[in-house]
Amino acid sequence: MPDLPLEVWEWIADPDRWAGSRGIPSRVLEHLWYSLSSLAAAIAIALPVGLWVGHTGRGGTLAINLANTGRAVPSFGIIVLFAILIGFGFTGTFIALVAFAIPPILTNTYTGVREVNSEVRESAEGMGMRGFQVLWRVEVPYALPLIFAGIRTSAVQVIATATLANLVGIGGLGSYVFGGLARLNFAEMLVGAVLVALLSLAMEGVLALVQRAVVPGGLQEQEAATQPAQQIPSPVA
Amino acid sequence: MSPTPAVAITGDQPLVDWAWIERNAPMVGELFVEHVQLTAYPVTLGLVLAFPLSLAAVRWQWLYPPLIGFAGLLFTVPSIALFVLMVGVTGLGMTTAVVPLAIYTLLVLVRNTVEGFNGIDRDVREAAEAMGYRRARQILTVELPLALPVIIAGLRITTVTTVGLATVATLVGSGGLGDLFTDAVMRRFPTPALVGLVLAVLLAVALDLALLAVQWLLTPWRRRAS
């Protein structure tokens, strides 16, 4: 494909690509909307449950095992099945995206809270903190690096899987990848794929900055040091 | 931002159409075999690449952070993007899927292999050196067996992940169980998707157990100890 760079350039340079609901800005926004809404829902579910399970220590093994079993389930298949059973479009996809974004956040939150040194916990109690205060003022700050690692993993996953979900009737950047595939327009596919990759890297970068701003200074270094096996991200889609 | 309105499937087709499964069993069997290849080739290729890289990173520790950083960066690139990029190089087909899938195995394989070697007791190393082992022989006969459990733990994670990822490869014409998902979407018929999901999970579990068995066979001393 010797003319490919030229084709890509012509595809991008076309003013139609930059306007309207099929233009690049709208597609990027659509993709962000799918990804961020599912990520927010997953955080809203996984974070409280993970904190609770980690704080009380009850049900932890079950949560970890469920999440590890989930690793073996192909997200592509779940997206397809939900679309057929619940309906094509965003509803089925949203449920599937949330379901796949929960495990990394849940296991990391649980592990992060569990790994808080028992001496640290005891001294907090010795200082007169009650259960909820210990959780909020000691365990959560300590667990933040791992919690963020989980959120970052899920964010990248959700962006990737939302691309695939174009096949079950949502828009976003998958429109270019699969539209290009259907029309055998390789330039369009390539631009779509590169945009997905860039969005994914940008999301990683932004979340890393948020993490830097939120995690207390003394705990920043922990991130690299504590990488338990459960939190190895799995690339999907 | 207006997602396509949801179209629910209200027909009276059953969730599992046993007649379809019976009719298509040979085809499903072929896809399953393809999927085993789609998993085995990339993991093998990944291991062949990761092993020397890891040995180098154990020997020259400064290599480790950039190596892991690069593998981690590749990890955040969605597979559909890598697959599409590969179509430009190798066209449609199985090769197109194998290379990206192998790339995804590198992060975990390199990390676990390096950790496996780094975790070996210093005394063991010194004893081997004192006994006059040559470097290469020491790595293969003393250090590798000791690092094996951590390496195999990485291999298990990678294999299970690859089984799932390989279903996406159907989109670049690589065959495998993913074909059942695209078939299900096109006909809005749930049975193939369910069959594909069940087989993918079964394959992942079977391979995971097989690797566990390999570890059990290769590390007899751990059995005696525990």
Side-chain angles (χ1 to χ4, degrees), chain A residues 1 4 21 26 29-30 33-34 68-69 71-81 83-93 152 156 159-161 163-164 167-171 174 177-178 180-181 186 189-190 192-197 200-201 203-204 227 229 232-237, chain B residues 1-9 15 65 72-85 87-88 104 107-108 111-112 153-154 157 160-161 163-168 170-172 177-178 180-182 184-190 192-194 196-197 200-205 208:
Chain A
M1 274 177 250
L4 188 61
S21 62
S26 323
L29 280 179
E30 260 176 4
W33 161 244
Y34 303 143
N68 276 346
T69 315
R71 197 193 281 279
V73 181
S75 54
F76 183 29
I78 292 291
I79 292 260
V80 166
L81 193 64
I84 297 171
L85 297 180
I86 300 170
F88 278 57
F90 190 48
T91 319
T93 302
R152 282 157 69 171
V156 169
I159 290 177
T161 317
T163 314
L164 279 183
L167 293 172
V168 296
I170 69 168
V177 176
F178 296 111
L181 191 66
F186 191 69
M189 273 173 87
L190 195 68
V194 170
L195 285 174
V196 173
S200 194
L201 292 175
M203 181 72 98
E204 262 280 305
Q227 300 254 326
I232 289 168
S234 53
V236 271
Chain B
M1 256 178 276
S2 52
T4 328
V7 187
I9 297 296
L15 189 60
L73 190 71
L74 288 172
F75 217 75
T76 58
V77 178
S79 67
I80 186 67
L82 275 191
F83 286 142
V84 167
L85 293 177
V87 172
Y104 286 121
L107 177 64
V108 176
R111 184 152 81 187
N112 277 44
I157 295 172
V160 170
T161 314
V163 171
L165 265 181
T167 61
V168 181
T170 174
L171 300 170
V172 290
L177 293 171
L180 294 171
F181 299 153
T182 37
V185 167
M186 281 187 290
R187 297 193 286 135
R188 307 210 167 184
F189 173 48
L194 264 177
L197 276 169
V201 172
L202 285 181
L203 179 60
V205 172
D208 194 42

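Chain letters run A, B, ... following the sequence lines, proteins first and then strands; every chain starts at 1.
- With rounding to the nearest 0.5 Å, the separation of OG1 in B:Thr167 from CG in A:Leu164 is 8.0 Å.
- Shown here for B:Pro78 and A:Ala197, the closest heavy-atom pair between the two residues is CD-CA, 3.9 Å.
- Here the CD1-CZ distance, from A:Ile79 to B:Phe181, works out to 11.0 Å after rounding to the nearest 0.5 Å.
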Under the side chain to side chain contact (heavy atoms under 4.5 Å, CB included) criterion, do A:Leu201 and B:Leu73 qualify, and how do the steps go? CA-CA 8 Å; A:Leu201 292 175; B:Leu73 190 71; 3.7 Å; yes

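- To the nearest 0.5 Å, the span separating CG on B:Leu177 from CZ on A:Phe76 amounts to 11.5 Å.
- Using a 4.5 Å cut-off between heavy atoms, A:Ile78 contacts chain B through both its backbone and its side chain.
- Residue A:Ser21: no heavy atom, backbone or side chain, is found under 4.5 Å from chain B.
- Interface remark: B:Val84 contributes backbone and side-chain atoms alike to the contact with chain A (heavy atom separation under 4.5 Å).
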Pair B:Val87-A:Phe186, side chain to side chain contact (heavy atoms under 4.5 Å, CB included): steps then yes or no: CA-CA 9 Å; B:Val87 172; A:Phe186 191 69; 3.7 Å; yes

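- In terms of heavy atoms, A:Val80 sits closest to B:Ala184 at CG1-CB, 3.9 Å.
- When B:Val160, B:Leu197, B:Val201 are compared by the number of non-hydrogen pairs under 4.5 Å with chain A, B:Leu197 comes out ahead.
- With a 4.5 angstrom heavy-atom cutoff, A:Val168 touches chain B only via side-chain atoms.
- With rounding to the nearest 0.5 Å, the separation of OG in A:Ser200 from CZ in B:Phe75 is 11.5 Å.
- Interatomic distance, CE of A:Met203 versus OG1 of B:Thr76, reported as 12.0 Å (0.5 Å rounding).
- Contacts between B:Leu171 and chain A at a heavy-atom distance below 4.5 Å involve backbone atoms as well as side-chain atoms.
- To the nearest 0.5 Å, the span separating CG on A:Leu181 from CD1 on B:Ile80 amounts to 7.5 Å.
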